[in-house]
Novice: 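The structure is given below, and queries will be raised subsequently.
Throughout, residue positions are numbered sequentially from 1 according to the sequence presented. Since we're looking at a predicted model, the values are computed, not measured.
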Amino acid sequence: MEAATTPGAGARYGKDRNGSISSSYDAIVVGGGHNGLTAAAYLARAGLKVVVLERRGILGGACVTEEVWPGARVSRCSYVVSMLQPKVISDLKLKDFGYKAYPLDPAYAAMTEDGPIFFFNEVERTVASIARHSPRDAAVYADFENLLERTAEFLRPMLLREPPPLGSKSPGDIAGLLREGARVAGMSRRDINDLIRIFTMSVGDLLDDWFEHDGLKGSLASTGVVGVWAGPRTPGTAYNLLHHALGEMDGVSGAWGQVVGGMGAISNAIAHSAEAAGATILTDAEVVSINVANGETTGVTLASGEEIRAEIVASGAHPKTTVLDLVGDSHFPDEVATDMKRYRTRGGSVKVNLVLDEAPQYAGVSEEDQGLLLSAGVNICPSIDYLEAAWQDALAGRPAAHPYIEAELPSTVDSSLTDDERLVMTMFTQYGPSEQGQWKDGDRERYGDTCIDQLNRFAPNFKASVAEHEVLAPPDLERIFGLQGGSIFQGEQGMNQMAFMRPTPDLAQYATPVGGLYLCGAGTHPGGGVTAASGHNAAQRILKDRRRSRRPWKRRRSAV
């Protein structure tokens with residue numbers, strides 16, 4: 001394991017190479033999550049003197065590996081890699097700095113009463129697995145995958161550039177709008193129809209149009225609600241299904257992978273790349289304020305009282321935290337402050353992390369399928385109605401009685417996660433209410449037991465094999481990782497909070513009305529997931545502004 005993922009790792013990043021903290025930098029990055037580290041790496045490679053300030057004693061934000069129990073390390077929040085941008089991997093030479101991931105094939109399996117349905121990277125193999133349960137669904141599945149891929153191909157180029165600012169009259173912004181308009185104009189009438197349907201439909205309605213098998217639809221629908229405060233019958237959730245199809249691994253669209261060393265190894269590789277370019281990275285360095293004078297950033301103040309100065313501050317913290325808490329709404333135009341107070345950031349995800357004494361033994365499956373189930377994610381979501389009932393529980397302010405579960409066993413491809421023969425498992429589950437007061441005494445324990453019992457139905461040895469487990473409800477995700485409301489995407493991903501509206505129209509191009517202040521976290525375009533796209537895009541905006549003028553925000557004001 002990398003040093004930054006183990007106890008005492010703060011010392012690894014606690015000071016700069018000279019053993020002290022400099023009082024002045026070109027740029028300060030607030031937050032050592034993977035997006036903040038990405039922004040820092042690009043800025044340092046461009047020659048800026050950069051410091052990253054991380055509140056916790058460990059790097060990674062939500063993309064982190066932690067030794068929650070002695071000798072056992074777990075991807076405590078994010079759990080698989082899929083959307084990490086190939087350009088970032090190449091630009092930052094992440095494979096040279098320790099990043100290594102194994103593609104999952106199959107990516108996951110839907111557990112049904114009639115046996116598993118496997119979702120392979122090769123559509124023909126998936127079709128064959130579906131055919132065992134529904135020949136009709138198998139006959140149309142390839143066309144459904146083609147629909148998602150065609151739509152994803154339209155969106156992928158937009159991930160690594162800032163969204164066009166609607167209403168701007170500057171020549172460069174108008175050119176950007178025309179470019180995107182030309183891309184739409186080049187689409188067929190049918191493709192435009194499909195795009196609008198996916199952007200506006202519920203994932204439940206979309207899947208009902210295509211399939212009949214409840215288990216198949218339930219499993220696919222669960223992907224459409226990952227991390228969102230919405231149910232499968234909520235309009236707009238079909239887009240979230242597409243959002244998770246935008247990634248790729250080793251050139252395979254939509255593929256998932258397990259990272260050697262856990263998800264924190266991604267953050268560590270980016271950190272090492274940034275350090276190699278000259279960046280300073282500090283942990284246990286909580287920023288309590290971003291300082292502003294005469295409408296411009298001057299630096300930050302740490303919880304220790306120490307001030308660090310810089311003309312540029314890029315915040316990877318939650319956008320509400322950045323604007324309303326660290327800077328203060330008085331430094332922003334009234335409409336920006338109002339928009340940020342209205343920015344929706346609720347989440348219903350509950351992460352269950354476990355240590356097992358032995359691997360699950362699935363009942364009633366062939367030896368071949370047993371091996372596939374151990375290497376793949378295991379999805380338990382019997383139907384769209386089942387998922388909707390879980391959502392309605394959370395909406396009513398109580399943990400789901402029957403949660404949806406996505407269970408991963410990364411120890412099957414990475415024995416380094418434990419110091420002995422034990423295995424690590426993570427469960428991404430939904431739903432739980434987003435507010436602390438809605439979790440009563442014993443609710444977390446009951447929820448965790450329910451998840452364990454669910455998997456035990458398919459693997460009867462599972463419950464007895466659980467040596468350790470923790471349940472992280474949305475309030476825990478906020479407390480530990482700074483994810484307000486437990487939203488794992490730093491804000492809900494409805495269509496009214498995406499692209500040129502994320503997090504607000506005035507902040508959507510990463511720059512802010514406060515001179516020198518930028519946003520670089522998942523609360524900006526293109527949204528959540530371990531993509532590194534927001535960090536990449538924010539760094540490009542900062543560098544573009546510096547090329548135009550050493551202090552571009554002053555020039556903008558003088559033109560008003």
Novice: Specify the closest pair of heavy atoms between Asp208 and Arg233, including all atoms of both residues, with the distance to one decimal.
Specialist: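 Here Asp208 and Arg233 meet closest at OD2-NH1, 2.8 Å.
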Novice: Nearest heavy-atom pair of Thr151 and Leu147: which atoms, and what distance?
Specialist: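 Of all heavy-atom pairs spanning Thr151 and Leu147, the closest is OG1-O, 2.8 Å.
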Novice: For Ser202, what residues pass the side-chain contact (heavy atoms from CB on, under 4.5 Å) criterion, not counting sequence neighbours?
Specialist: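 side-chain contact (heavy atoms from CB on, under 4.5 Å) check on Ser202 returns Asp205, Thr237.
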Novice: Are His318 and Thr345 close enough that a side-chain donor and a side-chain acceptor fall under 3.5 Å?
Specialist: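 A donor-acceptor contact under 3.5 Å links the two side chains.
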Novice: Going by side-chain contact (heavy atoms from CB on, under 4.5 Å), name the residues that satisfy it together with Ala473, two or more places apart in sequence or in a different chain.
Specialist: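 Trp439, Arg444, Pro475, Asp476.
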Novice: Is there a side-chain contact between Leu455 and Met425 in this structure, where contact means two heavy atoms from C-beta onward sitting under 4.5 Å apart?
Specialist: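 Yes; the side chains approach each other to less than 4.5 Å.
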Novice: Applying side-chain contact (heavy atoms from CB on, under 4.5 Å), name anything that partners Ala533, two or more places apart in sequence or on another chain.
Specialist: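 Ala533: side-chain contact (heavy atoms from CB on, under 4.5 Å) contacts with Gln85, Leu160, Pro526, Thr531.
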Novice: Ala376 and Pro106: which non-hydrogen atoms are nearest, and at how many Å?
Specialist: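 Residues Ala376 and Pro106, closest heavy atoms: CB-O, 3.4 Å.
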Novice: Testing the basics here: between Gly347 and Pro474, what is the closest heavy-atom pair and its distance to 0.1 Å?
Specialist: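 Scanning both residues completely, I find the closest heavy atoms to be O-CG, 3.4 Å.
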Novice: When you measure from the side chain of Asp339 to the backbone N and O of Pro505, does any donor-acceptor pair fall under 3.5 Å?
Specialist: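 Answer holds: no.
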Novice: Can you tell if the side chain of Tyr404 reaches within under 4.5 Å of the side chain of Ile380, non-hydrogen atoms only?
Specialist: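 Sidechains of Ile380 and Tyr404: no contact.
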Novice: With no hydrogens and no angle check, is any side-chain donor or acceptor of Thr297 less than 3.5 Å from a backbone partner on Gly299?
Specialist: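 Side chain of Thr297 to backbone of Gly299: no pair is present.
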Novice: Any side-chain heavy-atom pair from Glu470 and Val68 closer than 4.5 angstrom?
Specialist: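 Side-chain contact under 4.5 Å: yes.
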Novice: Compare all side-chain heavy atoms of Pro403 with those of Tyr431 and state whether any distance is below 4.5 angstrom.
Specialist: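 Of all side-chain heavy-atom pairs linking Tyr431 with Pro403, none is under 4.5 Å.
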Novice: Give a yes or no on this: more than 12 heavy atoms of other residues, nucleotides or ligands lie within 6.0 Å of atom CG of Asn496.
Specialist: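 Yes.
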Novice: Can you find a heavy atom in the side chain of Leu59 that is under 4.5 Å from one in the side chain of Thr283?
Specialist: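 Leu59 reaches Thr283 side chain to side chain.
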Novice: Tell me, do Ile266 and Val530 make a side-chain contact under 4.5 Å, heavy atoms counted?
Specialist: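 Counting from C-beta outward, Ile266 and Val530 do come under 4.5 Å.
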Novice: Got a second to check how far Leu242's CG is from Ile198's CD1, nearest 0.5 Å?
Specialist: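 Taking CG in Leu242 and CD1 in Ile198, the distance rounds to 5.5 Å.
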Novice: Are Asp385 and Ser383 linked by a side-chain donor-acceptor pair shorter than 3.5 Å?
Specialist: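 There is no such pair between these side chains.
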Novice: Using the test salt bridge (charged side-chain N to carboxylate O under 4.0 Å, His left out), find all partners of Arg344 that sit at least two apart in sequence or belong to another chain.
Specialist: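 With neighbours one apart ignored, the set is Glu492.
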Novice: Closer than 4.0 angstrom, basic N to acidic O: yes or no for Lys440 and Asp443?
Specialist: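 No salt bridge links Lys440 with Asp443.
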Novice: To the closest 0.5 Å, what do you measure between NE2 (His469) and CG (Asn353)?
Specialist: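 Answer for the NE2-CG pair, His469 versus Asn353, is 10.5 Å.
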Novice: For atom CD of Gln540, decide whether the heavy atoms of other residues, nucleotides or ligands shown that lie under 6.0 angstrom number more than 12.
Specialist: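 For Gln540, atom CD is crowded (more than 12 foreign heavy atoms under 6.0 Å).
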Novice: Salt bridge between Arg156 and Glu149, side-chain N to carboxylate O under 4.0 Å?
Specialist: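 Judged by the 4.0 Å cut-off on N to carboxylate O distance, Arg156 and Glu149 do form a salt bridge.
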Novice: For Asp284, is there an ion pair with Arg55 - N to carboxylate O distance below 4.0 angstrom?
Specialist: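 Salt bridge between Arg55 and Asp284, a charged N being under 4.0 Å from a carboxylate O: no.
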Novice: Please check this pair: side chain of Thr234 against backbone of Gly231, looking for a donor-acceptor N/O pair closer than 3.5 Å.
Specialist: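 Judged by distance alone, yes, a pair lies under 3.5 Å.
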Novice: I'd like to know if the side chain of Thr200 pairs up with that of Tyr239 as donor and acceptor (distance under 3.5 Å, no hydrogens or angles considered).
Specialist: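 Note: Thr200 and Tyr239 side chains miss the donor-acceptor criterion.
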Novice: If you round to the nearest 0.5 Å, how far is CG of Leu302 from CG of Leu282?
Specialist: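 Going from the CG atom of Leu282 to the CG atom of Leu302 covers 8.0 Å.
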Novice: Rounded to the nearest 0.5 Å, how far does CD of Gln454 lie from NE2 of His402?
Specialist: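 Spacing of NE2 (His402) from CD (Gln454) equals 7.0 Å.
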Novice: Side chain to side chain donor-acceptor pair (under 3.5 Å) with Glu388: which residues, sequence neighbours excluded?
Specialist: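 So Glu388 forms a side chain to side chain donor-acceptor pair (under 3.5 Å) with Gln392.
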Novice: Is it the case that the side chain of Thr450 and the backbone of Arg446 share a donor-acceptor pair, with hydrogens and angles ignored and the cut-off at 3.5 Å?
Specialist: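 Yes, Thr450 side chain to Arg446 backbone: donor-acceptor pair under 3.5 Å.
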Novice: Quiz question: by atom type and distance under 3.5 Å, do the side chains of Thr426 and Ser75 form a donor-acceptor pair?
Specialist: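 Their side chains do not contain a donor-acceptor pair, so the 3.5 Å distance test is not met.
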Novice: Apply ring-ring contact (aromatic ring centres under 6.0 Å, His included) to Tyr42 and list each qualifying residue two or more places apart in sequence or on a separate chain.
Specialist: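 Here the qualifying residues are His536.
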Novice: Taking atom OH of Tyr102 as the centre, report whether more than 12 heavy atoms of other residues, nucleotides or ligands fall under 6.0 Å from it.
Specialist: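 It does not: Tyr102 OH has 12 such atoms or fewer within range.
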Novice: Who pairs with Tyr79 by ring-ring contact (aromatic ring centres under 6.0 Å, His included), at least two apart in sequence or on another chain?
Specialist: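 Scan of Tyr79 (ring-ring contact (aromatic ring centres under 6.0 Å, His included), adjacent residues dropped) gives Phe428.
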Novice: Looking at Gly486, is its backbone amide N or carbonyl O close enough to the side chain of Ser434 to form a donor-acceptor pair, meaning the two atoms are under 3.5 Å apart?
Specialist: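 Checking the backbone N and O of Gly486 against the side chain of Ser434, no donor-acceptor pair under 3.5 Å is found.
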Novice: Considering all heavy atoms of both residues, which atom of Val424 and which atom of Leu409 are nearest to each other, and what is their separation?
Specialist: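 Closest approach of Val424 to Leu409, heavy atoms only: O-CD1, 3.4 Å.
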Novice: So, the side chain of His525 versus the backbone of Glu162: is there a donor-acceptor pair under 3.5 Å, distance only?
Specialist: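 A pair under 3.5 Å: no.
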Novice: Could you check whether any side-chain N or O of His243 sits under 3.5 Å from a backbone N or O of Gly529, counting only pairs where one atom can act as donor and the other as acceptor?
Specialist: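 Pair absent, no side-chain N/O of His243 close to backbone of Gly529.
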Novice: When rounded to the nearest 0.5 angstrom, what is the spacing between CD1 in Ile281 and CG in Leu53?
Specialist: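 Atom-to-atom, Ile281:CD1 and Leu53:CG are 10.5 Å apart.
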Novice: To the nearest 0.5 Å, what is the distance between NZ (Lys217) and CG (Asp209)?
Specialist: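 Here the rounded value is 9.5 Å.
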Novice: Taking the side chain as every heavy atom from C-beta outward, state whether Asp214 and Ile384 have any atom pair closer than 4.5 Å.
Specialist: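 No, every pair of side-chain atoms sits at 4.5 Å or beyond.
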Novice: Could you tell me whether the side chain of Gln497 and the main chain of Pro503 form a donor-acceptor pair under 3.5 Å?
Specialist: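 The answer is no, because no donor-acceptor pair under 3.5 Å joins these two groups.
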Novice: Would Glu145 and Arg150 pass as an ion pair if we require N to O under 4.0 Å?
Specialist: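 Salt bridge between Glu145 and Arg150, a charged N being under 4.0 Å from a carboxylate O: no.
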Novice: Is there a side-chain contact between Tyr518 and Ser315 in this structure, where contact means two heavy atoms from C-beta onward sitting under 4.5 Å apart?
Specialist: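 A side-chain contact is absent here, since even the closest heavy-atom pair is not under 4.5 Å.
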Novice: So, using ring-ring contact (aromatic ring centres under 6.0 Å, His included) as the criterion, who are the partners of Phe144 when residues are at least two apart?
Specialist: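 Checked Phe144 against ring-ring contact (aromatic ring centres under 6.0 Å, His included); matches are Trp210, Phe211.
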Novice: Answer yes if the side chains of Thr301 and Asn291 hold a donor-acceptor pair under 3.5 Å, and no otherwise.
Specialist: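 A pair is found: one side chain offers a donor N or O, the other an acceptor, under 3.5 Å apart.
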Novice: Applying side-chain contact (heavy atoms from CB on, under 4.5 Å), can you list everything that pairs with Pro235, at least two apart in sequence or on another chain?
Specialist: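 Applying side-chain contact (heavy atoms from CB on, under 4.5 Å) to Pro235 gives none.
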Novice: Is it true that a side-chain atom of Lys320 and a backbone atom of Gln484 form a donor plus acceptor pair closer than 3.5 Å?
Specialist: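 No; zero donor-acceptor contacts below 3.5 Å.
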Novice: Using side chain to side chain contact (heavy atoms under 4.5 Å, CB included), reason through Leu483 and Phe489 one step at a time and then give a plain yes or no.
Specialist: CA-CA 8 Å; Leu483 299 168; Phe489 298 146; over 6 Å; no
Novice: Using the test ring-ring contact (aromatic ring centres under 6.0 Å, His included), find all partners of Trp256 that sit at least two apart in sequence or belong to another chain.
Specialist: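 Trp256 satisfies ring-ring contact (aromatic ring centres under 6.0 Å, His included) with Tyr108 only.
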Novice: Would a distance-only check, ignoring hydrogens and angles, find a side-chain to backbone donor-acceptor pair under 3.5 Å from Asn537 to Leu159?
Specialist: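 Yes: the side chain of Asn537 pairs with the backbone of Leu159.
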Novice: What residues form a side chain to side chain donor-acceptor pair (under 3.5 Å) with Asp329, not counting sequence neighbours?
Specialist: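 Side chain to side chain donor-acceptor pair (under 3.5 Å) list for Asp329, sorted by chain: Lys341.
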Novice: Mind listing the closest non-hydrogen atom pair of Ile270 and Ala41 along with its distance?
Specialist: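 For Ile270 versus Ala41, the nearest heavy atoms are O-CB, 4.3 Å.
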Novice: In sequence, state the C-alpha distance, the side-chain angles, and the governing distance for Glu66 and Arg56, and then conclude on salt bridge (charged side-chain N to carboxylate O under 4.0 Å, His left out).
Specialist: CA-CA 12 Å; Glu66 292 195 60; Arg56 301 184 70 206; 3.0 Å; yes
Novice: Taking only residues two or more places apart in sequence, or in another chain, which ones meet Ser222 in a side chain to side chain donor-acceptor pair (under 3.5 Å)?
Specialist: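 Scan of Ser222 (side chain to side chain donor-acceptor pair (under 3.5 Å), adjacent residues dropped) gives Asn379.
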